[in-house]
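Structure first, commentary second.
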Amino acid sequence: MKALSTAEIPSTYDPRLVEDKWYSFWEKSGFFHTTVNAEQEPFSIVMPPPNVTGQLHMGHALDNTLQDILTRWKRMQGYNALWLPGTDHAGIATQARVEESLAKEGLSRYELGREEFLKRVWVWKEQYGSRITTQLRRLGASCDWRRERFTMDEGCSEAVLEVFIKLYQKGLIYRDYYITNWCPKCHTTISDIEVEHLDQPGHFYHIKYPFKDGGGHVTLATTRPETMLGDVAVAVHPGDERYRDLVGKILILPLVGREMPIITDEYVDPSFGTGVVKITPAHDPNDFEVGRRHDLPQVIVIDKEGKMSEEAGPRYQGLDRYECRKKIVRDLDAQGYLLKTEDHAHAVGHCYRCNTVIEPMLSRQWFVKMKPLAEPSIEAVKNGRIRFIPERFTKIYLNWMENIRDWCISRQLWWGHRIPVWYCRDCEEMTASKAPVKKCARCGSLNVEQDPDVLDTWFSSALWPFSTLGWPRQTLDLAYYYPTTVMVTGRDIIFFWVARMIFSGLAFMNEVPFRDVFIHGLVMDALGRKMSKSLGNGVDPIDVIESHGADSLRFMLVTGNTPGNDLRFHFERLEGARNFANKLWNASRFTLMNLEDFDPEGRPGAYTLADRWIISRYQAVINDVTGYLQAYELGEAARVLYEFIWSEFCDWYIELAKPRLYGKTNQTDRYTAQSVLSSVLKGALELLHPFMPFITEEIWQHLPGHGVTIMRAPWPAARGELIDQDAEHEMGALMDVIKAIRHIRGEMNVPPGRRAEVLLVAPDKAVRAVLEKGTGYIEALAGAAIKTHKSLEQPPEQAAHAVTRGVEIFVPLKGLIDVDKEVARQEKELAAVEKELARVQGKLSNPGFLSKAPADVVEKEKAKEEELSSKQTAIKERLSMLTGGK
RNA sequence: GGGCGGGUAGUUCAGUGGGAGAACGUCUGCUUGACACGCAGAAGGUCGUAAGUUCAAUUCUUAUCCCGCCCA
C-alpha cells in the first residue's frame, strides 16, 4: 500500500484521503488476526457486543477507542494481542424494532405467528447486522474480524443451553410465582436492574378504612389508590402502641366491601405517614412479601395491558390504570372516605427500554438463585484476582453483589434463546433438556410443549468471554486467551454485565473472565445531559468521522478525561484534536520536504545541543507515555504526546533545525539535523499510533527506514544513556532568554522585521559559555543580534531590561523607550519578585521547616532564594539608574 | 434514607503534601521559505465554605453547602 507521494502532500490534512485506504490495507493483510502461539505472551480483550441492529453512538466510540488503544499498544509491545469482536441479539430492542416495522404493514407478531415472525427478525438482522461493524471499522478498530461472533450464533447458543441445563441440574434455576416488573408496553417482564427509578410528582391520598363492627376507622395514605381494589389486609408495626388494641380487628374495604384484618409486620415503618399500610400482595413487591408471611390471598386487579381486570369489579374493569385512579379518587371523595390529598414526589419505576411506568405484577417466571453464585464473585474481587480501574468501582460492585437478589431470566418475547424446558400437558412433568423433548419422560405422553418464553439477553452476554472462545468445547483458544486481560466497559453496565460475567466465568470456567475491569464514564452532550433520542441531543460519531476524521474523534474522546468520569462532547475540543492532527501533518510535511536527499545509510555527525535536548526529551516521553498506558491513564498519555509534539518538537526543535537545513554550508550538520528530525518524528508517530492510527500510518510510510506497517512496529524503548540532564538544563536556560527577549519585543512593540541588538550580561563563566554556544539559537528564534558580556561598565540607559536565571538582558531601543513606562514595568516585576521572595524567606526562617522538611526541598528553597534575591538586586539597580537615583 | 462522583482561569477540564496547568475564548502584534486548523506575546484563579492534622494543605481528615449519578 502506497502513501501519498511527497509532492502531493497537501498543506491541510484530509483524513478522507487516508483513513479508508489504510483500514482496508490492514484488514486485508490480516494484521488484526492472531492465533494461538505458545512462544508469545497473550493479551486479550473481548469487545462488549453492541446491538446487532443498532448503530454506533458516542458511547460505543469511546468504549472501542479505549480498547483499540490498549490493543494496538500491546500488539506493538510484542504481545499476541487478540481483540475479539461481536454483536448482541438485544432481545427487547430488536424485537420492538421489527414489530414497529410490521405495524407499518398493519401486522402484529401474533397475526404472523412465532415461526414466521422469527424469520422476519433474522431477515432484519441480515439487513442491518453489518451496519455497526462497518461503523466500527471506520473508527479504526483493530479487532480480529475473522473471529466475529454473535450471541445467537451456533456456538453461543450451545453455551447458553449448556449453562441453563447445568444450573437447572444444580438447582440454581427455578420457576416460581413472584412479583416481577411488568412492562405493559413491551409486554414482558424485566429484571430489577432494568427498572429505572425516576422521581415524579404525585399525590398522597389519605383514605379512611372503617371498622366492620361499630364506628370508627383507621387512616392510611397511598400514592396508588387504584391498587386498593386488590387490598387484602392493613398492617401496622408490632411495636406501635397507637394501634395495639386494633390488631386483629376487621375492616371493610371502601368501594369494594371486602372484609380484611389488621395485621402486624416488621416491614411497616411506624414513623412514616400514619403508620398504617394497606397490603396489596399482587401489585407491590413489599406487600407481596408481607402477604407470603401472613398467608394472605393475592387479588390481581391490573392486567398485562395495564388495565383493570375483572377482579377489579364491573365499575372499574377495562379502565386504564390511571383512568381508574381518577375514578377511584372521585368515588372515595363522593362517599366521604377521602380525607385529604397532598402533593408528594416519589420514585416511580420505568422501563429502561420504552420508558413506560412499570407495573409490579404477579406472574410465573424463571429465576437464577444468586446467593451461591455471588459468594465466589465477591471473593474474586476481594482477594484481587479481579481489579477494578478506577478502584472506587470495587465498592459499588461489592455492595451490589452482597445484597444480590435472584435474577429473573425469563422474558415474554420471541426473539432470543428459548427456554429449554418442556411441559407435559398430561402429567405436568417438567423436563429441561438441550435436545428438543418430544415425549414426556414420566408418562410417555406426546402431548408436550416447550416453554414459550426466551431468556434475558444478558444471560447469553454473561457467557461472552468464554463462549466466544469456543466454550463449551475445550479449545486451544480458550486455554490460551482465557482469562482475558482486561474488560473495557461503561459504568452503566457494571451490574447488567460485568457482575454476571464474573459469576458465570467462575461457575463454568472455574476462573475469572478477566483480570482488570477498566471502567469509563458516559459521553454527555455539551450541557452535561445524557445523549438520548428523545432529547435529540446525540452526536453521530459517523458524522464526526466524516467531517473531522476518526483520529480527531478518538483523540478528543481520550484527552482531558480521567478513568471512570463522564465526558462532555464539546465541538471545540474536537476542533482542537483536528488542529493537532493538522499540526502533526505539517511538521511531517516539513520534515519530508527536507528529507528528499536523505541517505538512511549515512552516519550523522556530532549532535548539537538542540539534538541532544530533543533526543533526551523523547526518551522521557517514551517513559511517560508507556507508564501512563500501563496505569490506564490514557488521557495523560495523550496529553504528554500532544505537548511533546506541538510545544517541543514543532515550536522549538523544528525552528532550531531550520537554519541547519536551509543553509547548505555544512552538509554533515545538515545531515545530522535530517537524521534527528526523522528519527524523533518516527518515534513520536509510533507512540501516537494507538491513539491516532490513520494519520500516523500515512506519515510513517514516508519516513526512512519504515517497515510494512506501523501497527507492527516495535513499541519505542527509552535508552537511559540518551537522557541528557545537561542538555535539558542548558536548553532550558536558552529558552528562558529567548522568551524574555520576545516578551520585551512584544511589550515594546518592536516590529517583527527589525533585528534587535541585545546585550546579555552573565558574570558566571559557565552561564556565559552556554550563552555563547547558544548565540545562534537566540539570534534565530528571538530575531536578535547578540553580544555577551561578563559585565557592563555603563549599561545603556535607553534599553528595556529583564533578568532570567543568572542572565541580565538589555534591549537597547534608542528613542523608543518611554522611561515612565519602563519604570512602571520594572516596578511591577520587582513587586512580583519581592512577594515571592518574602514567601521563600518566610519558609527558610521557620525552624520547623529547616529541621523537618526533607533536605532536597530545603535546598530547592535556598536556591530559589538566591535566584530571586539576585533578580531583586538587578531590578533595583536598573530602576535606580532609570530614575537617576531619585 | 444510604453510597459514589464533582465543585480549580470567562468556559470545559487536567493535576499535585513543598513554586497553580492545558485547551477554547479574550486582548496585542504578525502573508517569519511546515502549518491562519498557524506564529509570537499578554491578561485572567483567596483551587466551594469552615475547622483540624502537618514545619508546610488546593492536595490528607472532619463538618457543611451546591450540582450530578447509583442504590433503597
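Hydrogens, waters and symmetry mates play no part in the numbers below; they use all other heavy atoms, side chains included. These figures come from a predicted structure and were not determined experimentally. Residue numbers begin at 1 in each chain, while the letters A, B, ... track the order of the sequences.
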(message) More than 12 heavy atoms of other residues, nucleotides or ligands under 6.0 Å from OH of Y178(A): yes or no?
(response) no

(request) Please test S588(A) against H702(A) for side-chain contact (heavy atoms from CB on, under 4.5 Å), starting from the C-alpha separation and ending with a verdict. (result) CA-CA 9 Å; S588(A) 307; H702(A) 283 94; over 6 Å; no

(message) Less than 3.5 Å apart, any donor N or O on the side chain of D597(A) or Q674(A) sitting next to an acceptor on the other?
(response) yes

(request) Could you state the atom-to-atom distance from CG of L584(A) to P of C37(B) in whole Å? (result) 17 Å

(request) For R529(A), report the nucleic acid contact type (base, sugar-phosphate, nothing); a contact means any heavy atom under 4.0 Å. (result) nothing

(message) Which nucleotide wins on minimum distance to the side chain of H570(A), given the candidates U12(B), C70(B), C39(B)?
(response) U12(B)

(message) Under 4.0 Å between a side-chain nitrogen and a carboxylate oxygen: does that hold for E402(A) and K382(A)?
(response) yes

(message) Please report the distance separating the C1' of A9(B) from the corresponding atom of A23(B), rounded so that it comes out in whole Å.
(response) 12 Å

Which pairs, protein N/O on one side and nucleotides 1-5 of chain B N/O on the other, fall under 3.5 Å?
{"residue": "G3(B)", "atom": "O3'", "partner": "K395(A)", "partner atom": "NZ", "Å": "3.3"}
{"residue": "C4(B)", "atom": "OP1", "partner": "K395(A)", "partner atom": "NZ", "Å": "2.8"}

(request) Give, for atom OG of S547(A) and atom CD of E575(A), the distance between the pair rounded to the nearest 0.5 Å. (result) 9.5 Å

(message) What contact category does E865(A) fall into here, base, sugar-phosphate, or nothing, at under 4.0 angstrom with non-hydrogen atoms?
(response) nothing

(message) With rounding to the closest Å, how many angstrom separate the C1' atoms on U11(B) and C71(B)?
(response) 33 Å

(request) Looking at every strand, decide which applies to L522(A) at a 4.0 Å heavy-atom threshold: base, sugar-phosphate, or nothing. (result) nothing

(request) Output yes when at least one side-chain N/O atom of H743(A) is less than 4.0 Å from OP1 or OP2 of A42(B), else no. (result) yes

Look for any protein N or O under 3.5 Å of an N or O in nucleotides 27-29 of chain B and output each such pair with its distance, or none.
none

(message) What's the gap between G19(B) and A57(B) when it is taken at their P atoms, as a whole Å value?
(response) 11 Å

(message) Quiz question: going by heavy-atom distance under 3.5 Å, is there a donor-acceptor pair between the base of C35(B) and the side chain of R589(A)?
(response) no

(message) Quick check: F518(A) with F388(A) (ring centres under 6.0 Å apart)?
(response) no

(request) Calculate the interatomic distance between W585(A) atom CH2 and C37(B) atom P; express it in whole Å. (result) 17 Å

(message) Counting the atoms with a prime plus P, OP1 and OP2 as sugar-phosphate, which does R568(A) contact under 4.0 Å by heavy atoms, base, sugar-phosphate, or nothing?
(response) sugar-phosphate

(message) Mind checking if D492(A) touches a base, just sugar-phosphate, or nothing, with heavy atoms under 4.0 Å?
(response) nothing

(message) Can you measure L781(A) atom CG to G41(B) atom P for me and round it to whole angstrom units?
(response) 10 Å

(message) With rounding to the closest Å, how many angstrom separate the P atoms on G25(B) and C39(B)?
(response) 13 Å

(message) Applying ring-ring contact (aromatic ring centres under 6.0 Å, His included), can you list everything that pairs with H57(A), at least two apart in sequence or on another chain?
(response) H60(A)

(request) Give the intermediate values and the outcome of side chain to side chain donor-acceptor pair (under 3.5 Å) for residues N565(A) and N561(A). (result) CA-CA 7 Å; N565(A) 284 4; N561(A) 177 237; over 6 Å; no

(request) Run the salt-bridge test on R805(A) and D736(A) with the 4.0 Å N-O cut-off and return the result as yes or no. (result) yes

(message) Does the structure show a Watson-Crick or G-U wobble partner for C55(B), both distances under 3.5 Å? Name it, or say none.
(response) G18(B)

(message) For the C1' atoms, the ones on G7(B) and on U58(B), what distance do you get once it is rounded to whole angstrom?
(response) 12 Å

(request) Find the partner of A40(B): check Watson-Crick (N1-N3 plus N6-O4 or O6-N4) and G-U wobble (N1-O2, O6-N3) distances, both under 3.5 Å, and reply none if neither fits. (result) U28(B)

(request) Output yes when E829(A) and R825(A) qualify as a salt bridge under the 4.0 Å nitrogen-oxygen rule, no when they do not. (result) no

(message) Under 4.0 Å, counting only non-hydrogen atoms across every strand here, what does R491(A) touch: a base, just sugar-phosphate, or nothing?
(response) sugar-phosphate

(request) Could you check Y13(A) against I654(A) and say which one's nearest nucleotide on RNA chain B is further toward the 5' end? (result) I654(A)

Please produce a list of atom pairs where a protein N or O lies less than 3.5 Å from an N or O of nucleotides 7-10 of chain B.
none

(message) Rounded to whole Å, please give me the gap between CZ in R825(A) and P in A42(B).
(response) 11 Å

(message) Out of the candidates F555(A), F644(A), Y13(A), only one should pair with F580(A) under the ring pair (Phe, Tyr, Trp, His ring centres under 6.0 Å) rule; please name it.
(response) F555(A)

(message) Tell me whether the NZ or CZ atom of R742(A) lies within the 45° cone about the ring axis of W652(A) and under 6.0 Å from its centre.
(response) yes

(request) Decide yes or no on side chain to side chain donor-acceptor pair (under 3.5 Å) for Y653(A) and D611(A), but give the supporting numbers first. (result) CA-CA 8 Å; Y653(A) 187 74; D611(A) 293 335; 2.5 Å; yes

(request) Measure distances between side-chain N and O atoms of K658(A) and base N and O atoms of A34(B), and say whether any donor-acceptor pair falls under 3.5 Å. (result) yes

(message) Measuring only the P atom in each nucleotide, how far is G45(B) from A20(B)? A whole number of Å is fine.
(response) 14 Å

(request) For nucleotides G15(B) and G6(B), find the distance between their P atoms and express it as a whole number of Å. (result) 9 Å

(request) Flag the pair E867(A) and K864(A) as a salt bridge only when some basic side-chain nitrogen lies within less than 4.0 angstrom of an acidic carboxylate oxygen. (result) no

(request) Kindly write out the residues that satisfy ring-ring contact (aromatic ring centres under 6.0 Å, His included) with F694(A), not counting sequence neighbours, or none if the list is empty. (result) W26(A)

(message) Applying side-chain contact (heavy atoms from CB on, under 4.5 Å) to T696(A) and F691(A), what does each step give before you reach the verdict?
(response) CA-CA 9 Å; T696(A) 51; F691(A) 301 87; over 6 Å; no

For nucleotides 15-24 of chain B, print each protein N/O atom paired with a nucleotide N/O atom at under 3.5 Å, atom names and distance only.
{"residue": "G19(B)", "atom": "O2'", "partner": "E836(A)", "partner atom": "OE2", "Å": "3.0"}

(message) Under 3.5 Å, is there any donor-acceptor pair linking the side chain of K583(A) to the base of C37(B)?
(response) no

(message) Please report the distance separating the C1' of U26(B) from the corresponding atom of A43(B), rounded so that it comes out in whole Å.
(response) 9 Å

(request) Take atom NZ of K862(A) and atom P of C55(B), then tell me their distance rounded to the nearest Å. (result) 19 Å

(message) Any strand counts, and the cut-off is 3.5 Å on both contacts for Watson-Crick or G-U wobble. Which nucleotide pairs with G1(B)?
(response) C71(B)

(message) If I take atom CE in residue M524(A) and atom P in nucleotide C13(B), what distance separates them, rounded to the nearest angstrom?
(response) 10 Å

(message) Looking at E836(A) and R839(A), is any side-chain nitrogen of the basic one under 4.0 Å from a carboxylate oxygen of the acidic one?
(response) yes

